[in-house]
Amino acid sequence: MPLSRSAIIHQTGSADVFSIESIAVGPPMAQQVLIRHTAIGVNFIDTYFRSGLYEVPLPAILGDEAVGVIEQLGEGVTEFEVGQRVAYSSSKGAYTQYRCIDTQDIVPLTDGVGDLAVAASLLRGMTVEYLFCRLYELKAGETILIHAAAGGVGSIACQWAKAIGATVIGTVSSAEKAAIAHANGCDHTIIYSQQDFVKEVARLTKGKKVDVVYDSVGKDTFMQSLDCLKTRGLMVSFGNASGKPDPFDVLTLSKKGSLYLTRPTLYHYTQSREELVNSAARYLAMLEQGNIKVSVGKTFRLDQVADAHRYLTNRERIGSPVLIP
Ligand code: NDP
């Protein structure tokens with residue numbers, strides 16, 4: 001059985017808590033496969049577990065997302081074969097060279113999508129899939145506000161919303177990011193580090209405001225986001241890039257226009273095998289057909305995982321990081 005170099009945390013804290021250790025992996029149990037990773041995704045949720053914002057039993061191998069090749073089948077596996085390229089987006093334990101994984105967590109990859117692009121975007125793309133197609137079915141002609149519109153999720157969201165025919169207003173922190181958001185189909189950008197985005201949304205929509213706000217920034221934007229919504233509009237708070245939103249008085253939703261509020265996670269939108277496979281297939285088809293393009297920001301070796309975390313949370317960054325084991 002292979003020894004697998006892995007990034008392990010024994011305690012939560014800064015990006016420096018990772019230690020690189022070799023662990024024995026396998027053999028795969030029934031309905032599992034042994035995978036050799038070729039590219040590993042790095043996501044904000046990994047930083048939430050690393051910092052202690054979200055709880056994880058320790059010691060832990062973080063990372064929910066990777067691409068790899070199947071090296072060995074466990075008993076009873078008929079859906080996959082040795083040598084097949086596969087990926088996953090919601091199974092903790094990715095920061096390692098080899099791992100065993102339940103077949104119900106993995107999806108097959110076609111030759112039309114590359115390892116780096118998938119590792120940089122499967123989790124983010126499936127997130128946009130459930131946000132736009134299942135949490136609420138976004139429709140042509142609707143107007144939405146997407147925060148961090150030039151980020152990983154934001155870039156995919158702009159392109160997908162455009163493909164649907166929605167009008168997209170995106171917030172970004174710099175002119176360089178505004179240009180990226182525009183190139184991805186964002187109709188209007190607001191540089192929220194310089195402009196009052198509530199006033200700008202009112203101006204751009206001639207006072208009508210938006211149907212849905214997708215807010216992954218959290219603490220810094222949550223309350224003002226509510227002021228961008230039409231009566232009975234939908235607030236989707238789905239991330240904490242600036243910290244988690246402050247405690248909240250439910251009556252505010254009534255005062256601001258009988259608003260709807262949800263705080264979803266991808267995990268709850270991929271509960272069944274059917275949901276997971278369909279979500280991945282829908283996103284990967286968009287990627288393969290060129291309807292969505294993803295930007296890999298930088299690759300890091302597995303032993304540079306601390307740098308990859310610092311890179312991800314650095315606001316200057318363009319494109320998403322990928323670990324190469
Ligand atoms: P991004 O590439 O979007 O990076 C985060 C962006 O947030 C930055 O680029 C920055 O854009 C903005 N931002 C605002 N304030 C801060 C801050 N204080 N520190 C750092 N960034 C800040 O990351 P991802 O695409 O990986 O993820 C985006 C968000 O989506 C995260 O919050 C993540 O947790 C969430 N998410 C939620 C999921 C779910 O199912 N609930 C699943 C996947 C991701 P700018 O400089 O333009 O402000």
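Whatever order the structure lists them in is the order used to number ligands and atoms, beginning at 1. One is the number of the first residue; the rest follow in order along the sequence.
- Ligand 1 has no nitrogen or oxygen under 3.5 angstrom from a nitrogen or oxygen of Val217.
- Contact annotation for Val153 and ligand 1: heavy atoms of both the backbone and the side chain come within less than 4.0 Å of the ligand.
- For atom 5 (C) of ligand 1, the nearest protein heavy atom (residue, atom name, distance) is Phe44 CE1, 3.5 Å.
- Ion pairing of Asp187 with Lys162 is present here, as a side-chain N (NZ or NE/NH1/NH2) and a carboxylate O approach within less than 4.0 Å.
- The distance between the ring centers of Tyr136 and Tyr260 does not fall below 6.0 angstrom.
- Short contacts between ligand 1 and Leu266, defined as distances under 4.0 Å to a heavy atom of the residue, involve ligand atoms 39 (C), 40 (O).
- The part of Tyr130 lying near ligand 1 is the side chain, judged by heavy-atom distances below 4.0 Å.
- Here's the thing with Lys177: one of its N/O atoms is less than 3.5 angstrom from an N/O atom of ligand 1.
- For atom 2 (O) of ligand 1, the nearest non-hydrogen atom of the protein is Gly152 N, 2.8 Å.
- Here Pro264 has backbone heavy atoms under 4.0 Å from ligand 1, and that is the only part of it that gets that close.
- Given atom 29 (C) of ligand 1, the protein heavy atom at minimum distance is Ser216 CB, 3.4 Å.
- Between the side chains of Glu65 and Asn43, at least one donor N or O sits under 3.5 Å from an acceptor N or O.
- The protein non-hydrogen atom at the shortest distance from atom 20 (C) of ligand 1 is Thr313 O, 3.6 Å.
- Only the side chain of Arg124 comes within 4.0 Å of ligand 1, counting heavy atoms alone; its backbone N, CA, C and O stay farther away.
- Neither side chain, Ser6 nor Tyr98, offers a donor N or O lying under 3.5 Å from an acceptor on the other.
- Those atoms of ligand 1 with a heavy atom of Gly151 less than 4.0 angstrom away are 1 (P), 2 (O), 3 (O).
- Counting only heavy atoms of the protein, atom 48 (O) of ligand 1 lies nearest to Tyr192 OH, 2.4 Å.
- The protein non-hydrogen atom at the shortest distance from atom 17 (C) of ligand 1 is Ala241 O, 3.4 Å.
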Trace of the salt bridge (charged side-chain N to carboxylate O under 4.0 Å, His left out) decision for Asp115 with Arg85: CA-CA 9 Å; Asp115 289 10; Arg85 286 172 71 230; 2.6 Å; yes

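- For the residue pair Thr110/Glu288, the side-chain donor-acceptor check at 3.5 Å is satisfied.
- In this structure a side-chain-to-backbone donor-acceptor pair under 3.5 Å is missing from Asp102 to Gln104.
- Residue contacts with ligand 1: Ala148 is placed with no nitrogen or oxygen under 3.5 Å of a nitrogen or oxygen of the ligand (distance criterion only).
- Considering both main-chain and side-chain atoms, Ser173 comes within under 3.5 Å of ligand 1 through a nitrogen or oxygen pair.
- Counting only distance, with no hydrogens or angles, the side chain of Ser216 and the backbone of Phe238 share no donor-acceptor pair below 3.5 Å.
- Side-chain polar atoms of Ser14 and Arg50 form no donor-acceptor pair below 3.5 angstrom.
- With a 4.0 Å heavy-atom cut-off, ligand 1 is reached by the backbone of Arg315 and by its side chain too.
- Here Arg263 has side-chain heavy atoms under 4.0 Å from ligand 1, and that is the only part of it that gets that close.
- By the criterion of a heavy-atom distance under 4.0 Å, the side chain of Thr127, and not its backbone, is placed next to ligand 1.
- No donor-acceptor contact under 3.5 angstrom links the side chains of Ser272 and Glu274, judged on distance only.
- Heavy-atom proximity to Thr265, at under 4.0 Å, picks out these atoms of ligand 1: 39 (C), 40 (O), 41 (N).
- In this structure, His37 has its ring center at least 6.0 angstrom away from the ring center of Tyr95.
- When heavy-atom distances to ligand 1 are checked against a 4.0 Å cut-off, Tyr48 comes that close only through its side chain, counted from C-beta outward.
- By the criterion of a heavy-atom distance under 4.0 Å, the side chain of Leu123, and not its backbone, is placed next to ligand 1.
- Protein heavy atom in closest approach to atom 38 (C) of ligand 1: Phe238 O, 3.7 Å.
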Could you walk me through whether Asn278 and Tyr283 pass the side chain to side chain donor-acceptor pair (under 3.5 Å) check? CA-CA 9 Å; Asn278 289 344; Tyr283 170 64; over 6 Å; no

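- In terms of protein heavy-atom proximity, atom 4 (O) of ligand 1 is nearest to Arg317 NH2, 2.9 Å.
- Classification of Asp215 and Arg263 as a salt-bridged pair fails, no side-chain N sitting under 4.0 Å from a carboxylate O.
- Only the backbone of Asn240 comes within 4.0 Å of ligand 1, judged by heavy-atom distances.
- Aromatic rings from Phe18 and His309 are positioned such that their centres are separated by under 6.0 Å.
- Remark: ligand 1 and Val172 share no N or O pair separated by less than 3.5 Å (distance only, no angle test).
- Thr47 and Thr313 form no side-chain donor-acceptor contact under 3.5 Å, judged by distance and modelled atom types alone.
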